[in-house]
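Letters A, B, ... are given to chains in the order of the sequence lines, protein chains preceding strands, and every chain is numbered from 1. Just so we're clear, the structure is a prediction, and the values are computed from it rather than from any experiment.
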2 protein chains.
Amino acid sequence: MATTPQDNRPLDPLLIGSGWQAQKSASTRTQIIEAAITCLVELGYGRTTTTEIAKKAGLSRGAMLHHFPSKMDIIRASVEYLHAKRLRAFRKAMAKEPTDGDHVRLGIEGYWSHVKHPWFVAFFEIAVAARTDKELAAILFPAQEAFEREWYETSLELFPEWKRKGEKFMLGFDLTRYVIEGMGISFLTHKETERDKRVLRYLEAKLKDLADEDR
Amino acid sequence: MATTPQDNRPLDPLLIGSGWQAQKSASTRTQIIEAAITCLVELGYGRTTTTEIAKKAGLSRGAMLHHFPSKMDIIRASVEYLHAKRLRAFRKAMAKEPTDGDHVRLGIEGYWSHVKHPWFVAFFEIAVAARTDKELAAILFPAQEAFEREWYETSLELFPEWKRKGEKFMLGFDLTRYVIEGMGISFLTHKETERDKRVLRYLEAKLKDLADEDR
DNA sequence: AGCCGGTTTCAATCATCCTTGACTTTTTCA
DNA sequence: TGAAAAAGTCAAGGATGATTGAAACCGGCT
């Protein structure tokens with residue numbers, strides 16, 4: 001008989017040494033959360049069922065319900081997971097020095113990539129569902145607010161020279177957000193076109209105008 | 001006496017002559033469609049059920065299922081209804097001469113109002129659901145494409161002087177669309193802020209810049 | 001060391017509720 | 001009277017959460 005608790009999944013040798021290998025069932029939790037996110041992306045919020053999540057995670061439904069007693073618990077954990085992942089990915093993308101020194105372009109491209117990522121799609125599905133689901137809204141709202149705030153602060157660090165022109169910076173920030181998110185929504189059902197690239201280039205030019213104005 | 005031919009499709013009020021009580025049937029259909037739209041707005045696509053629609057329409061479920069054999073038939077009719085209503089409302093809003101002669105502002109305010117209207121919310125709910133529902137996508141896509149095309153042409157009529165600068169007009173068109181729809185999505189869960197108004201004013205200014213450039 | 005009782009992890013089944021669409025019956029009105 | 005509209009009933013399928021049961025792991029004890 002194998003000494004591993006589950007033969008279907010390899011154990012992380014680093015975690016075996018650290019006392020409770022049972023604690024590594026945290027990896028099972030992650031597996032469930034990622035399965036839930038996949039379901040959100042592929043099926044949408046409405047068709048994401050516990051059965052489907054369990055199937056996708058390679059677990060039995062009962063096993064999964066042990067980790068997360070109810071469906072909403074899975075969603076809650078997924079929201080936290082997505083929040084952390086999205087923010088981390090965005091910060092990482094912004095942290096690297098652009099090859100051409102063009103921070104504005106880097107920021108636009110970064111957020112545009114971000115919006116095309118499945119994580120954004122999953123978050124969006126939850127956000128749309130939350131419009132008509134109070135319980136879901138109570139879960140999503142704090143994370144959403146925190147994300148926007150932390151994203152704003154990250155951007156401020158990225159453009160330290162803008163700090164003095166608060167209102168103008170905020171305008172550029174909001175404009176970028178709306179344009180790119182609007183494009184992102186459109187991208188959910190359509191493909192990216194040359195027209196979209198033109199809009200991004202125009203946005204870039206206008207942001208630079210804003211930065212240079214009344215200096 | 002039944003003068004109707006042996007119709008394989010028992011329901012088509014448009015084809016039935018004026019004398020019949022089918023007019024009442026047509027009004028009942030409209031009632032059902034509007035109830036469905038209310039459900040989409042208040043409950044979202046996922047929670048819109050035939051039971052709920054019937055209740056909201058003040059009909060028994062059986063009666064409703066007589067008019068629309070299946071749920072998808074109601075949605076199909078709702079998509080057509082929304083398409084017609086949205087386009088009509090938008091054209092009407094654009095047709096009136098602005099008091100200050102400012103067509104750009106009129107266009108922006110018009111589309112911004114449009115995006116805040118329940119009809120857009122309902123359409124949006126269907127669009128999001130269609131991302132992961134092929135059958136729904138097949139219904140929605142033609143209507144969505146037609147709407148965008150007809151909206152574009154309406155805008156062209158509104159700004160005849162832009163006709164000569166095709167690419168620049170399209171850029172302004174796309175930019176406006178993305179900014180306002182992005183704001184609209186945000187508006188679904190947040191309230192309109194002063195920051196939003198600033199973005200709209202900025203958009204207006206930039207559209208006028210585009211119109212005046214290299215003239 | 002080796003056995004034992006309790007706890008944690010996972011699997012399977014069950015009962016319940018909801019949704020849908022087909023079918024049947026009643027009512028309305030020309 | 002007879003056909004259309006409306007109302008009511010029903011079974012099949014799906015989704016959720018609870019219960020039951022098995023296997024592995026931990027501690028303590030002889």
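- Under a 3.5 Å cut-off, the side chain of Glu125(B) and the backbone N or O of Gly44(B) do not form any donor-acceptor pair.
- Taking atom CG of residue Asp73(A) and atom C1' of nucleotide dG17(D), one finds them 12 Å apart after rounding to whole Å.
- Listed candidates were dC10(C), dA6(D), dT16(D). Nearest to the side chain of Ala63(A) is dC10(C).
- Residues forming a side-chain contact (heavy atoms from CB on, under 4.5 Å) with Glu42(A) (at least two apart in sequence, or on another chain): Thr38(A), Lys56(A).
- The aromatic rings of Phe124(A) and Phe120(A) lie parallel to each other, with less than 30° between the two planes, well short of the 60° mark.
- Between His67(B) and dA4(D), a side-chain N or O to OP1/OP2 separation shorter than 4.0 Å is absent.
- Remark on DNA chain D: of its neighbouring residues Ser60(B) and Thr51(A), the 5'-side contact belongs to Ser60(B), judged by nearest-heavy-atom nucleotide.
- One atom, CZ of Arg29(A), and another, C1' of dT9(C), lie 14 Å apart when rounded to the nearest Å.
- Residue His66(A) has its side chain nearest to dC10(C) when only dA6(D), dC10(C), dA18(D) are considered.
- Atom CZ in Arg61(A) sits about 14 Å away from atom C1' in dC10(C), given to the nearest Å.
- A straight line from CG of Leu43(A) to C1' of dG14(D) spans 14 Å, rounded to a whole angstrom.
- Note on ring orientation: taking the six-membered ring where Trp is involved, the planes of Phe90(A) and Trp151(A) are perpendicular (angle over 60°, cut-offs 30° and 60°).
- Distances were taken from every side-chain heavy atom of Thr50(A) (C-beta onward) to each of dT16(D), dA5(D), dT20(C); the shortest belongs to dT16(D).
- Distance Met64(A) CE to dA11(C) C1': 13 Å, rounded to the nearest Å.
- Distance CD1 (Ile75(A)) to P (dG17(D)): 11 Å, rounded to an integer number of Å.
- With dT19(C), dA11(C), dA6(D) as the choices, the nucleotide that has an atom nearest any side-chain atom of Leu59(A) turns out to be dA11(C).
- The CD1-P distance, from Ile74(B) to dT20(C), rounds to 9 Å in whole Å.
- For Lys55(B) and dT19(C), the NZ to C1' distance is 14 Å, given to the nearest whole Å.
- Annotation: Phe147(B) is in aromatic contact with His114(B) [ring centroid separation under 6.0 Å].
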